[in-house]
Protein chains: 4
Amino acid sequence: MSVNTISTLFTATLQNSELSEKQQAVLTACLELFSEKGFENTSTADIAKRARVAEGTVYKHFRTKEEILTAILKPMTDTVVPEVAAEFVDQIKPDQFDHLEALLRFVVADRLQFALDNRAIIRVFAQQAFVRQDLLQNVLTTLHSQFSHGFLPALHQFQARGEMVNWEDTRIFRLIGSTVLGYALPVVMMPAGAATFDFEKSTDEIVETLLKAFSA
Amino acid sequence: MSVNTISTLFTATLQNSELSEKQQAVLTACLELFSEKGFENTSTADIAKRARVAEGTVYKHFRTKEEILTAILKPMTDTVVPEVAAEFVDQIKPDQFDHLEALLRFVVADRLQFALDNRAIIRVFAQQAFVRQDLLQNVLTTLHSQFSHGFLPALHQFQARGEMVNWEDTRIFRLIGSTVLGYALPVVMMPAGAATFDFEKSTDEIVETLLKAFSA
Amino acid sequence: MSVNTISTLFTATLQNSELSEKQQAVLTACLELFSEKGFENTSTADIAKRARVAEGTVYKHFRTKEEILTAILKPMTDTVVPEVAAEFVDQIKPDQFDHLEALLRFVVADRLQFALDNRAIIRVFAQQAFVRQDLLQNVLTTLHSQFSHGFLPALHQFQARGEMVNWEDTRIFRLIGSTVLGYALPVVMMPAGAATFDFEKSTDEIVETLLKAFSA
Amino acid sequence: MSVNTISTLFTATLQNSELSEKQQAVLTACLELFSEKGFENTSTADIAKRARVAEGTVYKHFRTKEEILTAILKPMTDTVVPEVAAEFVDQIKPDQFDHLEALLRFVVADRLQFALDNRAIIRVFAQQAFVRQDLLQNVLTTLHSQFSHGFLPALHQFQARGEMVNWEDTRIFRLIGSTVLGYALPVVMMPAGAATFDFEKSTDEIVETLLKAFSA
DNA sequence: TATGAATGAGCCTTCATTCAT
DNA sequence: TATGAATGAAGGCTCATTCAT
């Protein structure tokens, strides 16, 4: 069961735009450096050095350092997330999940995997979210509509059947989000986090927690 | 019952260090600007203008832009948090809380209030946490020890009495943290968040959620 | 009798804008270099070196290299020329000149002196006139209206009296202009020109030529 | 009676050097762009785009951007002008012109036509004349010797006959030059100038003016 | 202590030029 | 011959920092 494949966001960026090998090296170097040191602490000299490329080469395909940032961040808000949403809607068919647990497990695993797969981009994105208000807003909106269309309808079934607490959608959304965040954030923020992360155990714990919290 | 008073962290910084009026203006301007635009996007010219001060004045008390950042961030890791922890230990006496709910409500309200009170500093801190690994590490450690010493012993009572699930401390710490985060993050990240925030309702929801999740 | 005093245009620029000594050095260096090497062939490093100033200093008062160019060129189109025009109108009172010769001599000497006084600015201006169409247009318009208001009315008297040929104003304007240009251009364009220039002789020749050409 | 045919200078350049079609496109694009934006404001990227050629192609025949400039400007000083001078000497045979008017008309029309035909090159040349002192010097020398050998002898006849004022050659040269310039300059400098230019009327006016000025 | 002009290192970007294909 | 990706040396400009007043 796929869940978005490894490094979905960035791999897609690399392949969709027909970039020469060197240009791809530039983009990759940027992702690494932006993620490590932050966008504004990364100089074009840094980029060139990391990409083993002349400084002028950085500007052959991108007209601005900012344009590179956009190229890296765009799929986060535009392309992929909506695609995932669609895929999401397809996979989650109401009757497909007899039990709330199965539904939660699917959603939780999906988002957790997403966080693991896109650690670097998420870091770059999160940093910029402090400066550009629209970024976060856009992603949250997309995420929310993704939940509303693909996920909540399924939940409402369980609520209707009395198998789940009757909280408002926002509250449910927030709880799932924050619980997943509790496991994903350390991995995203701390280098050590990724190494010691146990995907199975984490998923199990999150699902168990949510099941209890959501119990009728 | 206060728990850390309004803007504890920054007000303390301002008062503890005997700064002239202009220097205080500099510090305040920095907090605002760093929080709004980010540390690296804030020029000393910006600071001087916002503080209504000459550019040289910025360097009268602080030798470096970075030193100002440190001055703003230091209480976050060093001074205040441990103090709070101590105060915490005092206030939370095991038998003081007959019910788990009272204990949770206290802790949740405290951290929620902290987030509200220190929105700006938290933003500056969070941004820098991406770049300086030690920052987050330090705070988490402090927070953890605060929990371990002041809070967990109390919890263990309830666990011993069979009134609370027997999860590991880390898991409990993580769940409380992330659940609070779910309500605090929007307020910290989005300008609109603070305006519409309902402290009572939020506390109630968080506590209710945790009680269910922690039920034996 | 003054006619615009030495280096009117640039001296005015220097005095009107309250610039520090170093900033004045920057402006002067720019005028020299732009005049010698051309605007686009002059680097900010060149400017700094010539002005014996740090490169950053160049940008303390002017936000752009282009802004310096504008500062140097503006008086050419805006300020001074109209002022001169006014002064012109005052000095040339129809009955003040009994003879056409006196009138021509005044105008010719004035423009010739202007060219000598502002050699550097004129060079910078002329170079830019190739690239910015509006520059030349503006100056010509100003010059033309200056002629129309201050000078032509006087000429018309002589035409009315039958002491001067009845050509259209444009043709008269053009002939005076080009004849003066014939003497001014070498001075402006060639370094040697200024040294060997004989103001009296030139004025005499121009006036004599014009008198013959304008004879009824 | 030809006088130098349309775009003599540049057409000659194009044909004399056996350039491939693309190289000719490069040269033509350069002339256009140098004339419009100036040499230093024209990038090799601009040239390549205008010539519909790859950027490398620009360097297939010319080793330097400067070399292209030279290729465009050279005929102005070297090749053509002397040729014209020779042709000039041939055509102007002292006794061919009974009247001074015919002689002046020939010369004036010739130079006026030259200006019209070579507007673009003249613009490029004039711009560079500010930066490279030798350029103007060379052309003036050539022009002068052209006048001295082909034209002045004829004039001297009229002077000898008492039909023309006895001014020095330089003064005559200067007056003819500047008078023609008065009509040519607007055409060369302003885009609108060429459209509204009336060759016949201009020639007539210039000749009439010169005849009066030169009258004994 | 406060000022603000001055500094110069370093940043982002452009562009003439080269070279493998 | 033509291409266009790649180069790297400037160039214009910013900005943290200093210092004479």
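The sequence lines fix the lettering, A, B, ..., with proteins before strands; numbering per chain opens at 1.
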Using heavy-atom distances to pick each residue's nearest nucleotide on DNA chain E, tell me which of D/Arg63 and A/Phe39 is more 5'. A/Phe39

Return the value, rounded to whole Å, for the distance between atom CD of A/Gln24 and atom P of F/dA5. 14 Å

Is a side-chain donor-acceptor pair under 3.5 Å present for B/Glu40 with B/Gln128? yes

Is a salt bridge present between D/Lys60 and D/Glu67, judged by a nitrogen-to-oxygen distance below 4.0 Å? no

Using atom types as modelled and distance alone, determine if a side-chain donor or acceptor of A/Arg50 lies under 3.5 Å from a backbone N or O of A/Leu33. no

Between P on F/dT7 and NZ on A/Lys49, what's the gap in Å once rounded to a whole number? 15 Å

Please tell me which of C/Thr42 and B/Gly56 maps to the more 5' nucleotide of DNA chain F, matching each residue to the nucleotide holding its nearest heavy atom. C/Thr42

Using whole Å, report how far CD1 of A/Ile47 lies from C1' of F/dG8. 16 Å

Among E/dT14, E/dA2, F/dT18, find the nucleotide with the atom closest to the side chain of B/Gln23. E/dA2

How many Å lie between CG on B/Leu19 and P on E/dT1, as a whole number? 11 Å

Check whether any side-chain nitrogen or oxygen of C/Ser20 sits under 4.0 Å from OP1 or OP2 of E/dA5, and answer yes or no. no

Where the side chain of A/Lys22 is concerned, which of E/dA6, F/dA6, F/dG12 is the nearest nucleotide? F/dA6

Just call it for C/Lys65: base, sugar-phosphate, or nothing, with non-hydrogen atoms closer than 4.0 Å on any strand. sugar-phosphate

Ion pair present between A/Arg132 and A/Glu66, side-chain N to carboxylate O less than 4.0 angstrom? yes

Atom pair distance, as rounded to whole Å: CZ in B/Arg52 and C1' in E/dG4: 17 Å

Just wondering, more than 12 heavy atoms not from D/Lys37 lying within 6.0 Å of its NZ? yes

Side chain of B/Ala54: nearest nucleotide among F/dG11, E/dC12, E/dG4? E/dG4

CD of D/Glu40 versus P of E/dT14: gap in Å, rounded? 19 Å

Want to settle it: does C/Glu66 or A/Glu55 sit nearer the 5' end of DNA chain F, counting the closest nucleotide to each? A/Glu55

Using OP1 and OP2 only, check whether a side-chain N or O of A/Tyr59 sits under 4.0 Å from E/dT13. yes

Under the 3.5 angstrom rule, does the side chain of A/Thr28 hit a backbone N or O of A/Gln24 as a donor-acceptor pair? yes

Out of F/dA2, F/dA6, E/dC15, which nucleotide sits closest to the side chain of A/Lys60? F/dA6

Identify the nucleotide, in any strand shown, that forms a Watson-Crick or G-U wobble pair with F/dA10, with both distances under 3.5 Å; if there is none, say none. E/dT13

Base, sugar-phosphate or nothing for C/Thr57? Non-hydrogen atoms, less than 4.0 Å. base

Nearest whole angstrom, please: distance from the P of F/dT18 to the CD of B/Glu67. 11 Å

Using a 4.0 Å heavy-atom cut-off across all strands, classify A/Thr44 as base, sugar-phosphate, or nothing. base

Residue pair D/Asn41/A/Asp46 against DNA chain E: nearer the 5' end by closest nucleotide is A/Asp46

My understanding is that a pair needs two contacts under 3.5 Å, Watson-Crick or G-U wobble. By that rule, which nucleotide pairs with E/dT21? F/dA2

